[in-house]
Every structure is written in C-alpha cells, then in structure tokens.
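This report refers to the structure that appears directly beneath it.
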Amino acid sequence: MTAHNQITAEQVSILDANDPLASFRDEFVISDPEVCYLDGNSLGRLPKRTIEEVNKFLTNEWGPELVDGWSHWIDQAQPAGDLLARAVLGASAGQTLVCDTTSVNFYQLCVAAIKARPGRKTVIIDSSNFPTDRYILAGIADSMGLNLVTLDTDGSGGPGAVKIESEFERVTASELAKHLNDDVAMVTLQAINYRSGARQDLKAITDLVRQHGGLVVWDCSHAAGSIQLDFEKNGVDLAVGCTYKYGNSGPGSPAWLFVSKSIQTELRVPIQGWFAQEMQFEMGPDFEPADTIRRYQIASPSIIGIRAVEVAYEMIERAGIELIEQKAAKGTELMMDLFKQWLEPLGFEIASPSQAELRGGHIILTHPDARQIAYAMRKISKVIPDYREPNAIRVAISPLATSYTEVFEGFLRLRDLVESGKYMSIEQDANRVT
C-alpha cells in the first residue's frame, strides 16, 4: 500500500484475510471488541492460556507441593531464558535468564561491564534513551567516579551532553565513533528507541565499540518480540529487556538478561546473590560464583511470572519471529499511509523513520495538542494509544494480537476525533500514567 491511493476498509480486510498470523488473535482475551488497542508496545494483551497455566500452578503445584515444589522450580529462570532466546533473540541455550526487573538487570550488567574494563573511566548513553537507563547509569557514574557522556540526539541534553547528528533519535556508528577512545569502558543504547521507534544497527555498533576495547549493553525492551534481533549473528555480548510489551507476559512480569558465553566468566556482578553461588546449598562463607549463566542470577525467580512468560514465548516461537517482524513492518507502513491520508492535513507530523528496516513495531505522531488528543482517544473514541513527552502519541501494532482492521479503525476514529474538535470537550483527570 502507498499513500498515493486512498486506503479503504475493504483493502485492509484483504490484508487480514491473507495474514498468516491472524489466527493468533483468538488466543488472547479481548473483553471489549469495540476497543482499538494500539498500545501493545507498552503492555501486551492477556493470552487465554496464561489464565489456565497460572491457575494450574496454584492448584496443582504450589497448593499440594508446598516447599517440595522448589525441587523442580529452583532453576526455572534458565529454561525459560532458553525459550525466550530461541523465540526472539536468535541465541542458543545457556546465555539468557528470565529474572528480576529490567532495571535490576541493567544495573547488574552495566556495573559488571565497567569493572571488566579496569582503568577506563568513560561510559556513554544517549539522551533519548529510556529514563530508567539514563538515571541508573548516572547513579553508577556518580558512585564510581566515572565520566558520563550523553549523546544528545533529541536536544534534551543530560549529564556530559555532546551534540551529535541524529535523525529520529538514532545513533549511527559513524557518529558514535567520534566519541570512542581507549578510556570508554561501556556504551548502552536501545535496540528500538522507546519513543521514536527508531532501530539501531546492533552489529555495526557492537563491532565498533569492541574494536575500541569496550562493551555494549543493549536494552531490547521495545524490540524483543517485534523484530529479529539475531544476537549471535550480530555479535551481541550483553543485553536486557522486559517481557510485558510485545512479550505479552503481564504487568510486572519477570525481565530477562543475556550474557554471551564468550564473556560469561569474565564478568562479575555487583549484587552477589546466593542463586549465583556454585555450591548454593552449602551456604559457605565466601562467594564463589558458578561458571554458567546462573552466576548472573540474584535470588528466587518468580515462578508465577515465569509461567506467564512460558505461555507467551511459546506462542511467539510457534508464530515465528520472522513473520512477526514482517507484520510489524507492514502494520507500521499502514499507519504511515493512513497518517498521510487523514492526519497530516490535521496538523500531525511523523517522528519515526519511514524505512521499515529502521523502525520496530510502533511509531509516534506529534501534534501541539497531543496530550489532550491521546486522553480523548481513550475516553471518547475507545482507541488506546499512549502519550510521550513533549508532544507525541505513540501507536503500535502488536503482531499476534492486533489486526490490520484494528489499526485502520483506530486511525479513522482519531481522524474523526480531531477533525470534529471533540477532543477539546473533555477534561483530563489527575492520573499520572500516560
């Protein structure tokens, strides 16, 4: 489809009829079919089988087994990690754990990477990175006496800000190269930018930083489950991410971390939990970590959470990440065409890359009244996006749960809402979640 011809509901229905992933929509709980849910990049829908599996865990395992259940629960962060790695990371077994939160895992891997490069005092992040990553790295730099460089990709600055040439918040290898030297211990970027949806070149950047002797920690929270990451093909050493966005594993579900086997024994994490101990139940006086991925685990995994992760990533593996990426590209292309057809004349602009290979499963639409429009979309039009400062409405296609018709209808309602001016008729509440 292109923006040169008017896109019709009939054309979009043909896309759905030919969609090899269309049947997966029936595997999700859709309590109100009138809602156009375009926020799966923030929280995915609930798979029906998750309800069954969590209930089975409660009634068939925890209830009757009690503490004896730990005999088969104790290492479940590892097989769950292997499943996730196969399904979305393009990585073999023994390199991924499903555990803790993205923030904890990010802290663990950043500090471990920095300490693995003794004598180096510079760390690099970008200004459009997710706030948690920026705040945590600033705290690490402060506590360790490091020089923090913030690549200013969006004009917002930050600690040690340096301006770079950037389109849609992307950091290119050529721009990054200007700030690399033998004092850089670590660089951290997003695989897909949380706001613009821009996609980074994992291989080019990882290779470049490695050539300068540093390590890269990738945050894949907005990428895993929407694009092919191909960690082993791209030479990725370290990465973290969540499971509740395109992973459909539920609010607050366990996150994941990835450490390449090539460097697992080289790094030592700052939070030395007993699950990382080689002889865990000897409970000895000294910390002697395992030589496997378990050396990166802190404590007891959330077994209930892991059950939800297992259901969701089995579904993703069954669907195939290649087809998922193709639908994400086609769905966001449809959004861009509908933007041209309906929204551009109403004062909207696109702030995401036009090339499919440079974006993920979401785009952002900017408008001077974006906050008010996003709120009214939910309250008046039954379309659910999210709002991101300073002026962006973020919309996504979650390839397993979202139909092309849902995208079309959501954009049609958005057009009607703004064209009519009805969005100005509603007063926002005090909810700080946008």
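Note that the structure is predicted; figures quoted are calculated from it, not measured.
Note that CG of L267 and CG of L238 are 6.0 Å apart. Values are rounded to the nearest 0.5 Å. Remark: F411 CZ to L334 CG distance equals 7.5 Å, nearest 0.5 Å. Atom-to-atom distance recorded for K203:NZ and L208:CG is 12.0 Å, nearest 0.5 angstrom. The OG1 atom of T101 sits 12.5 Å away from atom OH of Y107, with the distance rounded to the nearest 0.5 Å. Note that CG of D337 is 4.0 Å distant from CD1 of I7, once rounded to the nearest 0.5 Å. If you take CG on L202 and CD1 on I192, they are separated by 8.5 Å, rounding to the nearest 0.5 Å.
A donor-acceptor contact under 3.5 angstrom links the side chains of T172 and S174, judged on distance only. Between the side chains of T405 and D16, at least one donor-acceptor pair of N or O atoms lies under 3.5 Å. If you check the side chains of W73 and S300, you find no donor sitting under 3.5 Å from an acceptor. The closest side-chain donor-acceptor pair between Q76 and R307 falls under 3.5 angstrom. No side-chain donor from either of E65 and W70 sits under 3.5 Å from a side-chain acceptor of the other. Checked by atom type, the side-chain pair T332/R359 shows a donor-acceptor distance below 3.5 Å. Checked by atom type, the side-chain pair S128/T153 shows a donor-acceptor distance below 3.5 Å. Between the side chains of D369 and Y423, at least one donor N or O sits under 3.5 Å from an acceptor N or O. Remark: the S260 side chain and the S262 side chain contain an N/O donor-acceptor pair separated by less than 3.5 Å. Counting only N and O atoms by type, the side chains of R394 and H222 include a donor and acceptor under 3.5 Å apart. Checking Q200 against N193 by side-chain atom types alone, a donor-acceptor pair falls below 3.5 Å. Q428 and Q372 share a side-chain donor-acceptor pair at under 3.5 Å. Side chains of S127 and D154: a donor on one and an acceptor on the other come within 3.5 Å. When only modelled atom types and interatomic distance are considered, S253 and T243 share a side-chain donor-acceptor pair under 3.5 Å. With hydrogens and angles left out, the side-chain atoms of S92 and Q95 include a donor and acceptor closer than 3.5 Å.
Salt-bridge formation is not detected for the pair D19/R25: no Lys NZ or Arg NE/NH1/NH2 atom is positioned less than 4.0 Å from an Asp or Glu carboxylate oxygen. A salt bridge links D207 with R210: the distance from a Lys NZ or Arg NE/NH1/NH2 to an Asp or Glu carboxylate oxygen falls below 4.0 Å. Salt-bridge annotation for R134 and D126: absent, with no side-chain N of the basic residue lying under 4.0 Å from a carboxylate O of the acidic one. In this structure, E389 does not pair ionically with R195, as no charged nitrogen and carboxylate oxygen lie closer than 4.0 Å. R413 has a carboxylate O that lies under 4.0 Å from a charged side-chain N of E409, or vice versa, which qualifies the two as a salt bridge. Look at D32 and K382 and you find a salt bridge, because one of the NZ, NE, NH1 or NH2 atoms lies within 4.0 Å of a carboxylate O, short of that distance. Using a 4.0 Å cut-off between charged nitrogen and carboxylate oxygen, R199 and E325 count as a salt-bridge pair. A salt bridge does not link R170 to E167: none of the charged nitrogens lies less than 4.0 Å from a carboxylate oxygen. Ion pair R295/D291 flagged as a salt bridge, since at least one NZ, NE, NH1 or NH2 atom sits closer than 4.0 Å to an Asp/Glu carboxylate oxygen. Ion pair E314/R318 flagged as a salt bridge, since at least one NZ, NE, NH1 or NH2 atom sits closer than 4.0 Å to an Asp/Glu carboxylate oxygen.
A328 and G361 get closest at one heavy-atom pair: CB-CA, 4.0 Å. Contact between L189 and I205 at its shortest, heavy atoms only, is CD1-CD1, 3.8 Å. Across all non-hydrogen atoms, the minimal contact from L365 to F348 is CB-CD2, 4.0 Å. Scanning both residues, F258 and A91, for their nearest heavy atoms gives CE1-CB, 3.6 Å. Summarising the geometry of D152 relative to S156, their closest heavy-atom pair is OD1-N, 3.3 Å, with the distance given to 0.1 Å. Closest of all the heavy-atom pairs between P345 and F339 is CD-O, 4.4 Å.
For the pair S381 (side chain) and V383 (backbone), a donor-acceptor distance under 3.5 Å is absent. Using modelled atom types, no side-chain atom of N129 and backbone atom of I125 make a donor-acceptor pair closer than 3.5 Å.
C220 has its side chain within reach of L229: a pair of non-hydrogen atoms, C-beta onward, lies under 4.5 Å apart. Counting only heavy atoms from C-beta outward, the side chains of D237 and F231 never approach each other to under 4.5 Å. When side chains are defined from C-beta on, V12 does not count as touching T8, because their heavy atoms never get closer than 4.5 Å. Side-chain contact between V395 and I363 is present, with at least one heavy-atom pair separated by less than 4.5 Å. The shortest side-chain heavy-atom distance between H367 and N391 does not fall under the 4.5 Å cut-off. Looking only at side-chain heavy atoms (C-beta outward), V209 and M186 stay at 4.5 Å or farther from each other.
Between C99 and the choices I298, N105, V104, the side-chain contact (heavy atoms from CB on, under 4.5 Å) rule is met once, by N105.
Separation of the W256 and Y313 ring centroids does not fall under the 6.0 Å cut-off.
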Check against side chain to side chain contact (heavy atoms under 4.5 Å, CB included), D75 and R294: CA-CA 9 Å; D75 289 322; R294 185 160 64 84; 4.1 Å; yes
Side chain to side chain contact (heavy atoms under 4.5 Å, CB included) between L151 and E175, worked out: CA-CA 9 Å; L151 305 176; E175 284 296 308; over 6 Å; no
Evaluation steps, side chain to side chain contact (heavy atoms under 4.5 Å, CB included), between V123 and V184: CA-CA 6 Å; V123 291; V184 175; over 6 Å; no
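Atom CD of Q272 has more than 12 neighbouring heavy atoms from other residues, nucleotides or ligands inside a 6.0 Å radius.
Ring-plane geometry between F130 and Y194 is classed as perpendicular, the angle between the planes exceeding 60 degrees on a 0 to 90 degree scale with a lower cut at 30.
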